Number of protein chains: 2
Amino acid sequence: MGKQMTEMLKGILEGVVLAILAVRPAYGYEITAWLREHGFADIAEGTVYALLVRVEQKGLVDVEKVPSEKGPPRKVYSLNAQGQAYLDEFWGTWSFLAERIDQLRDGGR
Amino acid sequence: MGKQMTEMLKGILEGVVLAILAVRPAYGYEITAWLREHGFADIAEGTVYALLVRVEQKGLVDVEKVPSEKGPPRKVYSLNAQGQAYLDEFWGTWSFLAERIDQLRDGGR
DNA sequence: ACTCGGTACTCAGTGTTACTATCTACCGGT
DNA sequence: ACCGGTAGATAGTAACACTGAGTACCGAGT
């Protein structure tokens, strides 16, 4: 994947992950797999975990340790009220940006 | 403007500026003004100049000094072939991302 | 019993990017 | 002579995703 994608993901990936958590709670490994399946091909594992730590510290998600049948216990993240508010704001910002940029593409004005 | 916007702009602003230059050549101050008028309200002046230096060093634009009636000479930037190629790639990346994210918004899948 | 592959998470260090704040410089009008 | 608007440059900072390595746990095959 290009460097462009990498840079564009900044500030977007966080919203994407929160959007995933809005559908249903999930744990890091699962989210990474989901992203890979859905076209965000080359997102490093470490990136997702680091991001989850950040959103946890910001208080946007609740965490629950769940023992796994294979491997170490899973940290299952779920969106809380504050996270939902943040996500709503994210969609607002995204809509605004996407609109401006699509406008820019067809016609330059 | 929120911190979210700031972070989202990373990797996008460069494409936006190149898209502006694709329509017609322009200089830094002009680009800043254009951005302000078109809703990218709080982009600091220094940001645009730094960005222009970057794209110039990457060889994506040609530069021409044009004496101004007011103030110091303008550095007029115009998109060259390499810049056009980069811009095309940017649109490709953007389309991909925008599609995934819009998909994510309505329904989570 | 022992390795091996898959699952799951952690962490230190790096590079890119936009912001802030400040500075230089030129011009016309008062 | 000064001031506001035009035009550009620069040093330092913070945020974010990446790289690369490491830890740990389990079940199946040999």
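Quick caveat: nothing in here was measured; it's all calculated off a predicted structure. We name chains A, B, ... by the order of the sequence lines, and we start the count at 1 in each one.
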**OP:** Would you check if V61(A) and L52(A) make a side-chain contact, meaning some heavy-atom pair closer than 4.5 Å?
**Re:** no

**OP:** Measure from CZ on R74(A) to C1' on dA24(D) and round the result to the nearest Å.
**Re:** 15 Å

**OP:** Carefully, step by step, assess R74(A) and E30(A) under the rule salt bridge (Lys or Arg N to Asp or Glu O under 4.0 Å).
**Re:** CA-CA 10 Å; R74(A) 297 165 173 167; E30(A) 193 183 4; over 6 Å; no

**OP:** Measure from the side-chain N and O atoms of Q4(B) to the backbone N and O of F90(A), and report whether any donor-acceptor pair falls under 3.5 Å.
**Re:** yes

**OP:** Please name the pair of heavy atoms, one in E14(B) and one in K58(B), separated by the smallest distance, quoted to 0.1 Å.
**Re:** OE2-NZ, 2.7 Å

Original post:
Would you say the base of dA7(D) and the side-chain of K70(B) have a donor-acceptor pair closer than 3.5 Å?
Top reply: no

Original post:
Does any donor-acceptor pair link the side chain of K10(A) with the base of dT16(C) at a separation under 3.5 Å?
Top reply: yes

Original post:
Does the side chain of T6(B) get closer than 4.0 angstrom to OP1 or OP2 of dA18(C) through an N or O atom?
Top reply: no

**OP:** Check whether any side-chain nitrogen or oxygen of Y27(A) sits under 4.0 Å from OP1 or OP2 of dA8(C), and answer yes or no.
**Re:** yes

**OP:** Identify, between Y77(A) and G71(A), the residue whose nearest nucleotide on DNA chain C lies closer to the 5' end.
**Re:** G71(A)

**OP:** Give one of base, sugar-phosphate or nothing for E69(A), where a contact means two heavy atoms less than 4.0 Å apart.
**Re:** sugar-phosphate

Original post:
Checking all strands, does G28(A) fall into the base, sugar-phosphate, or nothing category for heavy-atom contacts under 4.0 angstrom?
Top reply: sugar-phosphate

Original post:
Quick one: is dC19(C) close enough that its OP1 or OP2 comes under 4.0 Å of any side-chain N or O from T47(B)?
Top reply: yes

